[in-house]
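Report on the structure given below.
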There are 2 protein chains.
Amino acid sequence: MASDASPVSAKTPVTLREVAALAGVSVATASKALNGQGRMTAETRERIRETAQRLGFRPNSLAQSLLRRRSFTVGLLTNDTYGRFSLPVMSGISDALVDKGVSVFLCNVEDDQRLGQLHVDAMLDKRVDGIIATGKRIDRHLPVDLSNLGVPVIYAFTQPDPGAVAFVSDDAGGARLAVEHFWRLGRRRIAHVTGPASFAVVHARAQAYRDVLTEKGLPVMEPLLGSWSEAWGHEAVTKLFDGKLSKSGDEKPDAVFCGNDQIARGVIDALRERGLDVPDDVGVIGFDNWQIVAEATRPPLTSVDMNLAALGREAGLTLLSLVGGEPAAPGIRKLPCRLVVRQSCGRPPDG
Amino acid sequence: MASDASPVSAKTPVTLREVAALAGVSVATASKALNGQGRMTAETRERIRETAQRLGFRPNSLAQSLLRRRSFTVGLLTNDTYGRFSLPVMSGISDALVDKGVSVFLCNVEDDQRLGQLHVDAMLDKRVDGIIATGKRIDRHLPVDLSNLGVPVIYAFTQPDPGAVAFVSDDAGGARLAVEHFWRLGRRRIAHVTGPASFAVVHARAQAYRDVLTEKGLPVMEPLLGSWSEAWGHEAVTKLFDGKLSKSGDEKPDAVFCGNDQIARGVIDALRERGLDVPDDVGVIGFDNWQIVAEATRPPLTSVDMNLAALGREAGLTLLSLVGGEPAAPGIRKLPCRLVVRQSCGRPPDG
DNA sequence: TCCATCTGAGAAAACCTTTTCCCAAACCGC
DNA sequence: GCGGTTTGGGAAAAGGTTTTCTCAGATGGA
C-alpha cells in the first residue's frame with residue numbers, strides 16, 4: 001500500500017508538466033491546484049492532487065527559489081573544526097529551521113581567510129537567504145568580512161561586527177549560578193580557577209565571582225588564571241592548598257569554581273591525591289557541561305551549561321524573521337546559562 | 001583600489017542582463033565572454049569581463065543548476081549529534097569538495113525516522129547531486145532508506161545498504177598496528193580491554209589482537225569486554241592484576257591495548273593508583289586518537305587514529321566521480337589506520 | 001433575447017543563465 | 001564583381017515553477 005504510493009524508482013524527477021499532462025490540464029492549473037491557489041472545481045483540484053501523488057511529484061526547489069528569490073537555505077560559518085562549542089549551536093539552528101524547510105550549509109573556514117572567502121562566495125552564489133556565523137570563542141572574529149553582503153547575518157557564540165545581531169551566553173550569569181549554588185550549600189571559602197587572561201570570558205566570570213562573594217560578605221580570593229587544561233587544574237590545587245591565598249588568613253578553600261570542565265577534572269584528581277574528599281571536604285563546579293567529561297569525573301561533575309543549542313535555536317529563528325523582512329534591533333543578546341547539578345558539590349547541610 | 005573593484009553594497013545581486021546592457025552586447029554574448037566560449041573580438045570579451053568585474057557580477061547558481069541539472073551541492077546525513085566521529089569525516093568531505101565549488105548540507109537526523117525522512121526529502125527537493133551518510137557507529141544503519149533515491153549515495157563510517165559504496169576504517173589493521181608496536185618494544189604479555197560485545201569493531205579488533213599474538217607465539221589472554229568508559233578501564237585493571245587470566249601462569253601484563261582512549265585513560269589512572277609506572281612497568285595504547293583525551297592523559301597516550309578525515313575525503317571524491325557518471329564498484333572499502341605515538345609505551349629496549 | 005457578471009481554466013511572462021542555431025557582414029580567391 | 005567561407009554576435013529555447021492576465025462559456029437578471 002504505502003509502497004504503492006511512492007514510485008519504485010525516481011530516476012528522473014517528475015515535473016509539474018508531466019503531472020499536468022496526465023491530469024489533462026495546463027501547468028498553470030496544476031500549480032494552482034497543488035498550492036491551494038486559484039479557482040477550479042473541487043473535482044479538478046482533487047484529480048490533479050491525486051495524479052501528483054501517484055507520480056510522486058515534488059516541486060523542484062531550484063525553480064521555485066529562482067522565482068521567489070528565496071532559496072530556503074542558510075549558510076553556517078564556523079572555525080571550530082572539532083566543534084565542542086559550535087556543534088551544539090549548529091544542532092539548535094538546524095532544529096529551528098528544519099520544520100520550515102530550510103536547510104543548512106555547513107562551512108568550516110578554520111582560521112583561513114582564503115577559505116573563508118571561498119565559502120562565503122559559494123554561499124552567496126547559491127543565494128542563501130542568510131548567514132549565521134559561529135565559532136569556538138565568543139571574543140574572536142571569524143576570518144571573513146560579513147558586512148554588506150546583501151543578506152542578513154546573525155552571530156552566535158562569536159564576536160559580531162558592530163551593528164549586527166548577536167547571541168552569546170551570559171557567562172557572568174553562569175558564574176553567579178555556580179557561586180550562589182556553593183553559597184546555598186553552606187560553602188564559605190570559595191576559590192576560582194580559570195583559563196588565560198586573553199579570554200574575555202575569563203574576566204566576565206571572574207568578575208561575577210568576585211561580585212557574588214562581595215555581596216554575600218565572603219572573603220574574595222584572587223582568581224587563579226592559567227590554561228584550560230587538566231594539568232593547570234592539578235597545579236592550581238597545589239597553589240590553593242599549599243600557598244597562602246586568602247586575605248582573611250590561611251584557611252583552605254571548601255569550594256572551587258572552575259573555568260571549564262577539564263580544569264575541574266584536574267582539580268578533582270589533585271584533591272583526591274591529597275586525600276581530600278569531593279564533595280565532603282571540597283565542592284567543585286565546572287563550566288561548559290561537557291557531558292563526556294563531566295560524567296566521567298569521579299564524582300560526576302556539577303557544571304554550568306551554556307545552553308548552546310538554545311542559543312542556536314534563537315539565532316536560527318531570528319535569522320528567519322530577518323529574512324522575512326522583520327527588523328531586529330542590533331546588539332548582543334545574552335542568553336542565560338543553567339546549572340547542571342551532579343555530585344561534586346554535596347547536599348545542603350540541612351538536607 | 002581593491003575596494004573600488006568590489007561593489008560597496010550588493011543589495012540586489014547583479015544579473016548577466018545588466019552586465020550585457022552596460023557592455024552594449026546581448027546576454028548570450030556576455031555569457032560566452034565570461035565563460036570563455038564563443039567567438040568574438042578580444043576587445044569585446046575584455047570589455048564584458050571588465051564590466052562584470054566592475055559591477056561585481058556573480059552568476060546565479062540557482063539558474064545554472066536548473067539548466068545543468070546539477071546543483072553543486074551534496075547532502076551529509078549523520079546521527080552523531082556531538083560528532084566525535086562524524087565531524088572529522090565531515091571535515092574531510094568538505095575539504096575534498098570545496099575546491100570544486102560543491103557545498104555541503106549538514107543534516108543531523110538523530111535516530112529519528114521522521115526527521116530522517118524530512119531531511120532526505122528536503123535534500124532531494126533541493127536537487128542535491130548526491131548524498132553521503134555517516135554516523136557514530138560503523139555497524140548501525142541510519143534511520144532512513146537511501147536506496148532508489150535517484151541520486152548517488154556513499155556511506156562513510158556507517159553501515160551501508162547492500163550493493164552500495166562504503167568507506168570504513170580498517171579496525172583489524174589498526175589493532176594489529178597497536179599490538180605489533182608493543183611487540184617491537186619488547187612487550188610480551190599484552191592484554192586487551194575493550195567495549196561491549198554488541199559492537200562489531202570490538203570483535204574485529206579483538207580477533208586481530210589474538211591473531212597477532214598467535215603469530216608471534218605470545219600468550220593470548222582473553223579480551224576483557226565492558227563498556228567504553230573510564231570506569232571500565234579502571235575496573236579492568238583490577239581484573240587484570242588481581243585475577244589469574246593468563247593461561248601461561250599468573251604473570252601480570254606488561255602492556256594493555258585498549259578499545260578506546262577513555263578506557264585507556266581509566267587504565268592508566270588505575271595503574272598509577274596501584275603504583276605501577278606507565279610506560280616503565282606497563283605500556284598502554286588507546287584507540288580513536290581523541291586528541292583532547294590522549295593529550296591530557298599522563299603520560300600522553302599513544303593511540304590508533306582511524307584517519308577519519310581521510311576517509312571523508314575519499315568518500316567525497318568518490319561521490320563526485322559517481323555524480324560525474326563514472327561507475328564505482330560497490331562494496332566496503334577499508335582505509336588504513338595509523339598509530340600516533342606519544343609517551344605511554346616507552347622506547348625500544350635497545351633504543 | 002440581450003447584456004452583465006461570474007466561473008473555471010489556460011497563455012504567457014518572469015526568474016537567470018547557457019547553448020544551439022542562425023544571420024549579416026566582411027573577406028578571400030578568382 | 002561574384003560565390004563561398006569565415007567572423008562576430010544575436011535570437012531563442014531550455015530548465016521548472018508561479019502568478020498575472022485573459023478569455024470563453026455559463027449563469028443571472030431584465
Side-chain angles (χ1 to χ4, degrees), chain A residues 10-49 51-52 55-73 101 122 124-129 150, chain B residues 10-49 51-52 55-73 101 122 124-129 150:
Chain A
K11 275 313 156 211
T12 295
V14 180
T15 69
L16 187 59
R17 194 199 311 269
E18 303 175 53
V19 175
L22 218 73
V25 296
S26 70
V27 286
T29 306
S31 171
K32 284 179 282 196
L34 298 175
N35 293 314
Q37 306 288 322
R39 287 175 319 194
M40 68 199 69
T41 56
E43 299 92 281
T44 306
R45 196 180 292 274
E46 190 46 41
R47 176 163 41 92
I48 296 171
R49 285 223 166 111
T51 310
L55 260 47
F57 168 76
R58 317 216 73 214
N60 185 330
S61 251
L62 264 42
Q64 292 181 321
S65 299
L66 188 59
L67 201 55
R68 293 184 172 145
R69 289 193 199 69
R70 175 103 159 64
S71 65
F72 287 88
T73 279
L124 258 22
D125 287 351
K126 288 183 174 125
R127 296 303 191 264
V128 293
D129 296 333
Chain B
K11 276 313 159 211
T12 295
V14 180
T15 69
L16 188 60
R17 193 200 310 270
E18 304 175 52
V19 175
L22 219 71
V25 296
S26 70
V27 286
T29 306
S31 171
K32 283 180 284 196
L34 298 176
N35 293 313
Q37 306 289 321
R39 287 177 317 194
M40 67 199 70
T41 55
E43 299 94 281
T44 306
R45 197 181 291 276
E46 190 46 42
R47 175 162 42 92
I48 296 172
R49 284 223 167 110
T51 310
L55 262 46
F57 168 76
R58 316 216 74 212
N60 185 330
S61 249
L62 264 40
Q64 292 181 320
S65 299
L66 189 57
L67 201 56
R68 294 183 171 147
R69 289 196 199 67
R70 176 103 158 61
S71 65
F72 288 88
T73 279
L124 257 24
D125 286 353
K126 290 186 173 118
R127 296 303 190 266
V128 293
D129 296 333

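Every chain is numbered from 1, with letters handed out A, B, ... down the list of sequences. Note that the structure is predicted; figures quoted are calculated from it, not measured.
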Problem set entry | Nearest-Å distance for atom pair CG/P, residues A/Leu67 and D/dT17 | 11 Å

Problem set entry | Heavy-atom pair with the smallest gap, counting every atom of B/Ser71 and B/Asp129 | N-OD1, 2.8 Å

For this session: Calculate the interatomic distance between A/Glu18 atom CD and D/dG15 atom P; express it in whole Å.
Result: 11 Å

Problem set entry | Which nucleotide in D/dG10, D/dG15, D/dT17 has an atom nearest any side-chain atom of A/Pro59 | D/dT17

Exercise. In residues 35-46 of chain A, what residues come within less than 4.0 Å of DNA chain D, judged by heavy atoms?
Worked result: A/Asn35

For this session: Grab the two heavy atoms, one from B/Pro59 and one from A/Arg127, that are nearest each other, plus how far apart they are.
Result: O-NH1, 4.2 Å

Exercise. In whole angstroms, how far is the P atom of D/dT18 from the CZ atom of A/Arg69?
Worked result: 15 Å

Problem set entry | Residues, nucleotides or ligands: over 12 heavy atoms within 6.0 Å of A/Arg17 CZ | no

Seminar exercise, completed: Closest non-hydrogen contact found for B/Ala52 with B/Leu34 is CB-CD2, 3.8 Å

Problem set entry | Separation of atom CZ in B/Arg17 from atom P in D/dG10, rounded to whole Å | 15 Å

Exercise. Starting at CZ of A/Arg70 and ending at P of D/dT18, how long is that distance when rounded to a whole Å?
Worked result: 15 Å

Exercise. Hey, where on DNA chain C does chain B first and last touch, going 5' to 3'? Cut-off is any atom under 4.0 Å from a heavy atom.
Worked result: C/dC15 to C/dT20

For this session: Would you mind reading off the distance between A/Leu34 atom CG and D/dT18 atom P, rounded to a whole angstrom?
Result: 8 Å

Problem set entry | Value in whole Å for how far the P atom of D/dT18 lies from CG of A/Asn60 | 10 Å

Exercise. For D/dT18, does OP1 or OP2 lie under 4.0 Å from any side-chain N or O of A/Ser31?
Worked result: yes

Seminar exercise, completed: Shortest non-hydrogen pair, B/Leu62 vs A/Leu66, comes out as CD2-N, 3.9 Å

Seminar exercise, completed: Closest non-hydrogen atoms of A/Lys32 and A/Gly38, given as atom of the first, atom of the second and distance, are CD-CA, 3.8 Å

For this session: Report yes if at least one side-chain N or O of A/Gln64 is closer than 4.0 Å to OP1 or OP2 of D/dT18; otherwise report no.
Result: yes

